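Computed from a prediction, not measured in an experiment: that's the story for all the values here. Chain identifiers are assigned alphabetically (A, B, ...) following the order of the sequence lines, protein sequences preceding nucleic acid strands; residue numbering begins at 1 within each chain.
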Protein chains: 2
Amino acid sequence: MAERTQYEELMRQFSAFGAVRRELGRILPSDCPGGSAAVLTLLGRHGAMRMSRLAELLAVDMSVTSRHVAHVVDRGWIERSADPSDKRSRILRLTPSGQIRLDELSRRTAQLLADRLSDWSDEEVGQLIRLMARLRADFGDCRTHPAQPPPGETPHTPELEHTTRTPA
Amino acid sequence: MAERTQYEELMRQFSAFGAVRRELGRILPSDCPGGSAAVLTLLGRHGAMRMSRLAELLAVDMSVTSRHVAHVVDRGWIERSADPSDKRSRILRLTPSGQIRLDELSRRTAQLLADRLSDWSDEEVGQLIRLMARLRADFGDCRTHPAQPPPGETPHTPELEHTTRTPA
DNA sequence: TATTGTTATACTCTATAACTATA
DNA sequence: TATAGTTATAGAGTATAACAATA
């Protein structure tokens with residue numbers, strides 16, 4: 001358990017991290033914004049999956065996922081096929097052209113990181129990865145355990161949710 | 001210098017960090033979005049300053065800073081007074097009501113972090129702070145050293161810039 | 001002419017809500 | 001009735017460009 005001033009400093013670093021995020025976003029091709037890149041990356045890493053699973057991995061609402069996916073499908077980078085076992089579901093899968101796109105993105109990103117973090121040791125990069133993974137885990141299931149809303153405000157999720165979707 | 005797969009993993013963590021950011025955003029009062037909170041925090045930490053300095057600390061374009069500041073001024077949380085030494089400039093300063101708002105935000109944020117990171121040691125939180133600060137430094141001056149733009153794309157900043165503003 | 005700041009416009013990401021189709 | 005997914009709409013954040021006032 002850390003002290004309050006430490007939490008304030010951590011919050012400051014979180015806020016400043018936006019600059020890193022934006023810088024990484026600048027190397028994306030104009031037809032492949034961040035949302036599309038995230039979809040390609042997750043499909044590349046985890047293989048074919050349903051929309052709901054992708055929404056969970058992206059940690060955003062399924063409506064958002066649907067929009068990102070539509071953009072990527074339009075460009076032919078993934079295919080959206082029917083799930084024979086449940087006709088409501090759709091299975092997402094990288095196409096060969098999507099794999100090429102992903103490889104290119106991956107190469108470009110690694111290049112930029114290698115450039116900016118040239119004086120970081122392997123161990124230091126690993127440390128940051130571990131801490132951020134743990135951070136994510138401890139904040140994980142954000143949408144299933146909503147924070148106490150500000151007084152006078154309506155909570156964004158009225159009850160415990162076990163899905164990553166808009167309440168009906 | 002780390003390996004490529006490590007950079008890809010790091011990128012994945014960066015991407016997933018969005019969920020943490022959004023969760024932290026959910027505890028903000030509806031009249032104080034993230035941009036306003038960042039303005040208050042930086043003025044509280046560094047004291048009165050000019051727009052250009054604030055834009056530099058926020059690491060966003062001055063046009064964005066201007067918008068955030070206008071929102072905060074409208075609510076009476078900061079005052080925007082003329083700089084006697086340069087009539088083009090404006091000095092920003094927290095008002096007493098802004099200080100109260102900031103204290104409240106700070107308290108609420110520390111509370112959420114203390115809750116989510118309850119099993120992190122003081123040392124671990126410090127480690128994350130140090131690594132993120134270094135990350136920010138190594139990505140720092142993003143706008144003054146633009147990354148190589150994608151092939152076939154126009155660079156966002158045509159030349160080396162030494163200010164945080166839209167090229168005229 | 002160059003600099004400080006503001007405003008108008010456009011784009012991305014996100015959430016909520018309403019809707020369709022299937023279970 | 002509940003679930004998977006889509007679409008419409010609204011709000012926040014950001015960047016670029018054009019502009020006004022001052023240096």
Checklist outcome for this item: Closest to the 5' end of DNA chain D, once A:Val64 and A:Arg22 are matched to their nearest nucleotides, is A:Val64
What pairs with [X] under salt bridge (charged side-chain N to carboxylate O under 4.0 Å, His left out), at least two apart in sequence or on another chain?
| X | answer |
| --- | --- |
| A:Arg53 | A:Glu56 |
| B:Arg75 | none |
| A:Asp86 | A:Arg88 |
| A:Arg93 | A:Glu79 |

Checklist entry - So which of residues 65-79 of chain A are in contact with DNA chain D, with a heavy-atom cut-off of under 4.0 Å? => result A:Ser66
Nearest whole Å is fine: how far is [N] [atom2] from [X] [atom1]?
| X | N | atom1 | atom2 | answer |
| --- | --- | --- | --- | --- |
| B:Met49 | C:dT4 | CE | P | 16 Å |
| A:Met62 | C:dC19 | CE | P | 18 Å |
| B:Glu56 | C:dT3 | CD | P | 15 Å |
| A:Arg50 | C:dA23 | CZ | C1' | 11 Å |
| A:Met51 | C:dT20 | CE | P | 19 Å |
| A:Arg26 | C:dT12 | CZ | P | 15 Å |
| B:Leu28 | C:dT14 | CG | P | 17 Å |
| A:Leu54 | D:dT6 | CG | P | 11 Å |

Item to check | Residue-phosphate contact under 4.0 Å: A:Arg80 side-chain N/O, D:dT6 OP1/OP2 | outcome: yes
Item to check | Under-4.0 Å side-chain N/O to phosphate OP1/OP2 contact, B:Arg90 with C:dT6 | outcome: yes
Test side-chain hydrogen bond (donor to acceptor under 3.5 Å, both in side chains) applied to [X] - qualifying residues, sequence neighbours left out:
| X | result |
| --- | --- |
| B:Ser66 | none |
| A:Thr65 | none |
| A:Glu124 | A:Ser121, B:Arg134 |

Next on the checklist: Once you apply a heavy-atom cut-off of 4.0 Å, does B:Arg53 come out as touching a base, just sugar-phosphate, or nothing?
Outcome noted: nothing
Checklist entry - What does A:Arg21 touch in the nucleic acid at a heavy-atom separation under 4.0 angstrom: a base, only the sugar-phosphate, or nothing? => result nothing
Checklist entry - Which nucleotide in the list D:dT6, C:dA15, D:dA15 gets nearest to the side chain of A:Val60? => result C:dA15
Checklist outcome for this item: Winner on side-chain proximity to B:Asp61, out of C:dG5, D:dA15, D:dG5, is D:dA15
Checklist outcome for this item: B:Phe14 meets the ring pair (Phe, Tyr, Trp, His ring centres under 6.0 Å) criterion, sequence neighbours left out, with A:Phe17
Using a cut-off of under 3.5 Å, enumerate the N/O to N/O pairs linking the protein to nucleotides 20-23 of chain D.
from, atom 1, to, atom 2, distance (Å)
D:dA23, OP1, B:Lys87, N, 3.0

Next on the checklist: If you define the side chain from C-beta out and look only at heavy atoms, does anything of B:Glu8 sit under 4.5 Å from B:Arg12?
Outcome noted: no
Checklist entry - Can you find a pair of side-chain heavy atoms, one from B:Pro29 and one from B:Leu105, that are under 4.5 Å apart? => result yes
Item to check | C:dT16 base / A:Ser63 side chain donor-acceptor hit below 3.5 Å | outcome: yes
Item to check | Co-membership, hydrophobic cluster, residues A:Val73 and A:Trp77, 4.5 Å side-chain | outcome: yes
Checklist entry - Among residues 33-46 of chain A, which residues get a heavy atom nearer than 4.0 Å to DNA chain C? => result A:Pro33, A:Gly34, A:Gly35
Item to check | Those residues that, when tested against B:Thr41, pass side-chain contact (heavy atoms from CB on, under 4.5 Å) (two or more places apart) | outcome: B:Leu102
